[in-house]
Visitor: 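Following this message is one structure expressed as structure tokens.
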Amino acid sequence: EAMKKRAELLEQSIQVMVGLKPETAASSTGPAAAKAAAKAPAAAAAEVLSRPAPPSGVAAVAAVAGAVAEGATEVDTGQFEPGQRFRKDGKCGKNAPSRLQDGALVECDASGNAPCCSREGECTLSDAACNCKECLDYRVIVPAAGQDVPPPLVRSSDQQGDSTVVVVIPFRDREGHLVKFKQYWRWFARSGNHPRKVKRWEIFVVEQFDSLTFSRGWCFNVGLAVATAQKSASEDLTSAKRLEFDCAVVQDIDYLPEKKVDYSECEVPMQLSSEIDRYGWKTPYEKSAGGIVGMSEKHWRQINGFGNNYFGWGGEDDELHHRLRLNNLLYGDCYPHCQKNDHRKGKTGIAIKRPPKGHGRFSGEHMHSANHTKRITDAAAYKANLQMLAEIANNGNRWKSDGLSSLAFRIVDMNTDKTDSETFGITHHHVRAHRGKHTFDLHGMPLAVPLALCKDGAAAGSGAAGDAVWTVASLGSAVPYDLASLRAL
């Protein structure tokens, strides 16, 4: 009976819409309603009534309801400029008075000052509208020139924590940092976000095991190659070792995330560390792509990862900006360096995308008291870095052949620690890698050690300088990777 009555009411609505019962509109809702009914789109209503009669019963109710709904979403052409998908009055989404001609929801101007559609159906730039579960941030779906428009993205950061994230830490001589990092990550994995965003953490500490100057980008490439079992990079990898994950993040060990940093946010390349304490809670400069950066495997491979040949401090992160630029993957505007009334606010293609204010805070206060290496230790390497950076800044093509595609290494040692897996969802992988494809075996190599090093701290400090007694022996089956292991031999 309820369905029958509803069908009758819907049928009356259609008749009022096409003017068959103007007196009903006037008597039930007044002269204003009758005047509005007279202005209803006649063509659309006539098309509705010209359809074949629907079947009886429930199907009839559904058919009539659908007809009324379609009539209600007729395009209001006065609100649109030719070719635009957003309204002049800033209305958007499900609550907009109309839909687009193709039936899709009305969008917001991704390059304007109000790119986010709020749950109330208003285009704005507020943090709430750009980050809520039902909201859409159209800045992340603006296509590069010549590309098709992808469907709107709902932020994964507001979904339940079922993501798997690979975190790669380029590493050398930072054992003190590593101990603190592991302790801190237990807290962050459990309390960094509510609800939890990440279900599984696969953390790869990649140690460059050679005598060359440190290469941060190369270390990240090794970590991603191990996580994805990229056999072309190393014969020590097999397909069975591949991990399935959502995001891969390059992580500096001396910067730790505060609450609300979402490592599962990587629909587009994202500089998670957009607010760093030592830079006044900003990035060091507008086009910075350094620090903690997350992407999908697809995007890392699209840009061919980092360059393998940056040694020492500086350059590889600035080149990352250009790799993203040359692949049309810069979805950020001038934030957090926008000036007051900056016309670039909301315009993509300026920098890597960054999370909204308050969601990108990283602090080094826990780590900066620990041992630090000098930034520039090899002047010749730094000069070569600047030359490579100048090449790509001038739209050079070296990036296509220098990166993941040309990566070559051998695994010296790799161990996996699942101590924190059950409680915190964290698995630690420590990878020691040697550059090149030639066999590299430590076990037959000689190790020269001063005997004082094998004693405790007090004994080790005794004796005059230059009086050290050394011993030399082959490593054999047990390779000591730290001082405690060495003293246990």
Side-chain angles (χ1 to χ4, degrees), residues 127 130-131 140 155-157 163 165-171 174 177-178 180-181 184-185 187-189 192-193 197-198 201 203-206 216-217 219-220 223-224 246-296 299-300 303 305-306 313-324 329-338 350-368 370 372 375:
D127 285 347
C130 294
N131 295 290
V140 304
R155 290 169 54 89
S156 65
S157 60
S163 297
V165 173
V166 166
V167 176
V168 179
I169 304 173
F171 183 83
R174 295 288 184 88
H177 285 90
L178 185 56
K180 291 184 176 182
F181 179 90
Y184 187 89
W185 214 262
W187 169 83
F188 181 73
N193 283 283
K197 308 295 186 182
V198 178
W201 298 92
I203 299 180
F204 287 80
V205 176
V206 180
R216 177 177 180 266
C219 285
F220 172 80
L224 186 62
D246 300 287
C247 302
V249 180
V250 57
Q251 171 80 41
D252 290 336
I253 197 168
D254 54 353
Y255 279 106
L256 300 176
E258 298 188 359
K259 284 191 173 184
K260 298 182 181 180
V261 177
D262 184 5
Y263 277 68
S264 69
E265 186 67 72
C266 67
E267 288 95 343
V268 298
M270 180 79 70
Q271 186 180 39
L272 298 173
S273 55
S274 59
E275 302 166 74
I276 301 177
D277 56 353
R278 69 178 298 181
Y279 298 115
W281 300 110
K282 294 181 179 181
T283 58
Y285 42 91
E286 184 178 88
K287 295 185 178 180
S288 165
I292 292 76
V293 174
M295 301 187 212
S296 63
H299 287 146
W300 278 117
I303 67 171
F306 281 95
W313 181 80
E316 88 289 336
D317 49 357
D318 291 315
E319 175 164 301
L320 184 62
H321 166 84
H322 290 292
R323 289 184 178 231
L324 293 168
L329 289 174
L330 293 176
Y331 288 87
D333 61 1
C334 50
Y335 172 79
H337 296 275
C338 300
I350 296 173
I352 186 172
K353 187 170 176 59
R354 294 163 180 140
K357 188 173 179 60
H359 293 257
R361 290 172 64 93
F362 281 76
S363 176
E365 64 176 333
H366 303 288
M367 295 292 198
H368 287 168
H372 255 290
R375 289 202 160 187

Visitor: Quick one: does S363's side chain get under 4.5 Å of L256's, heavy atoms only?
Guide: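 No. Closest side-chain heavy atoms not under 4.5 Å.
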Visitor: Enter the distance from E258:CD to H359:NE2 here, rounded to the nearest 0.5 Å.
Guide: 12.5 Å
Visitor: Is it the case that Q251 and Y263 place a side-chain donor and acceptor less than 3.5 Å from each other?
Guide: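 Their side chains do contain a donor-acceptor pair, which is all the 3.5 Å distance test asks for.
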Visitor: Check the angle between the aromatic planes of F188 and W185 and answer parallel, tilted or perpendicular using the 30° and 60° thresholds.
Guide: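 Aromatic pair F188/W185 classed tilted.
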Visitor: Can you name the closest pair of heavy atoms from P355 and Y335 and give their distance?
Guide: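 Distance-wise, the nearest heavy atoms are O-CE2, 3.4 Å.
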Visitor: Could you report the tightest heavy-atom contact between I303 and L329, atom names first, then the distance?
Guide: CG2-CD1, 3.8 Å
Visitor: Where do R354 and A351 come nearest, in terms of heavy atoms and distance?
Guide: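 Here R354 and A351 meet closest at NH1-CB, 3.8 Å.
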Visitor: Checking the side chain of D246 only, and the main-chain atoms of S264 only, is there a donor and an acceptor separated by less than 3.5 Å?
Guide: no
Visitor: Which atom names give the shortest non-hydrogen contact between V168 and V166, and what distance separates them?
Guide: CG2-CG1, 3.9 Å
Visitor: CD1 of I276 to CZ of R361: how many Å apart, nearest 0.5 Å?
Guide: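 Answer rounded to 0.5 Å: 11.5 Å.
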Visitor: Kindly determine whether V293 and L320 satisfy side chain to side chain contact (heavy atoms under 4.5 Å, CB included), including the steps that lead there.
Guide: CA-CA 10 Å; V293 174; L320 184 62; 4.3 Å; yes
Visitor: Is a side-chain donor or acceptor of S163 paired with a backbone partner of V198 at a separation under 3.5 angstrom?
Guide: no
Visitor: Measure across C219 and F171 and return the closest heavy-atom pair with its distance rounded to 0.1 Å.
Guide: SG-N, 4.5 Å
Visitor: Would you say the side-chain atoms of N193 pair up with the backbone N or O of V261, donor to acceptor, closer than 3.5 Å?
Guide: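 Such a contact is found between N193 side chain and V261 backbone.
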Visitor: Report yes if some heavy atom in the side chain of V206 is under 4.5 Å from a heavy atom in the side chain of I169; otherwise report no.
Guide: no
Visitor: Just verifying a value: how many Å separate Y279 OH and S274 OG, rounded to the nearest 0.5 Å?
Guide: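 One finds 14.0 Å between OH of Y279 and OG of S274.
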Visitor: Using the side chain to side chain contact (heavy atoms under 4.5 Å, CB included) rule, take F306 and R323 through it: C-alpha gap first, then chi angles, then the decisive distance, then the call.
Guide: CA-CA 8 Å; F306 281 95; R323 289 184 178 231; 5.9 Å; no
Visitor: Would you indicate whether the side-chain heavy atoms of K357 and P336 approach each other to under 4.5 Å?
Guide: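 Side-chain contact under 4.5 Å: no.
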Visitor: Are M295 and V250 close enough that some pair of their side-chain heavy atoms sits under 4.5 Å apart?
Guide: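 No; the side chains remain at least 4.5 Å from each other.
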Visitor: With side chain to side chain donor-acceptor pair (under 3.5 Å) as the test, pick out the partner of S288 among K282, Q271, H321.
Guide: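 It is Q271, the one option of K282, Q271, H321 that forms the side chain to side chain donor-acceptor pair (under 3.5 Å) with S288.
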Visitor: Evaluate F181 against D254 for side chain to side chain contact (heavy atoms under 4.5 Å, CB included), listing each step before the verdict.
Guide: CA-CA 8 Å; F181 179 90; D254 54 353; over 6 Å; no
Visitor: Within the structure provided, determine whether C334 and E286 are in side-chain contact (heavy-atom separation under 4.5 Å).
Guide: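 Yes, close enough: below the 4.5 Å cut-off.
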Visitor: Any heavy-atom pair between the side chains of Y331 and I352 that's under 4.5 Å?
Guide: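 No, every pair of side-chain atoms sits at 4.5 Å or beyond.
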Visitor: Would you please name every residue forming a side-chain hydrogen bond (donor to acceptor under 3.5 Å, both in side chains) with T283, sequence neighbours left out?
Guide: H337
Visitor: Taking the six-membered ring for Trp, are the ring centroids of F362 and W281 within less than 6.0 Å of each other?
Guide: no
Visitor: What do the steps show when you test D318 against Y285 for side chain to side chain contact (heavy atoms under 4.5 Å, CB included), and what is the final call?
Guide: CA-CA 11 Å; D318 291 315; Y285 42 91; 2.4 Å; yes
Visitor: Considering all heavy atoms of both residues, which atom of D317 and which atom of G290 are nearest to each other, and what is their separation?
Guide: CB-CA, 3.4 Å
Visitor: Look only at the side chain of W300 and the backbone of A248, and say whether a donor-acceptor pair between them is shorter than 3.5 Å.
Guide: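 Pair found, side chain donor or acceptor close to backbone of A248.
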Visitor: Applying salt bridge (Lys or Arg N to Asp or Glu O under 4.0 Å), can you list everything that pairs with D252, at least two apart in sequence or on another chain?
Guide: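 Per chain and number, D252 pairs via salt bridge (Lys or Arg N to Asp or Glu O under 4.0 Å) with R216.
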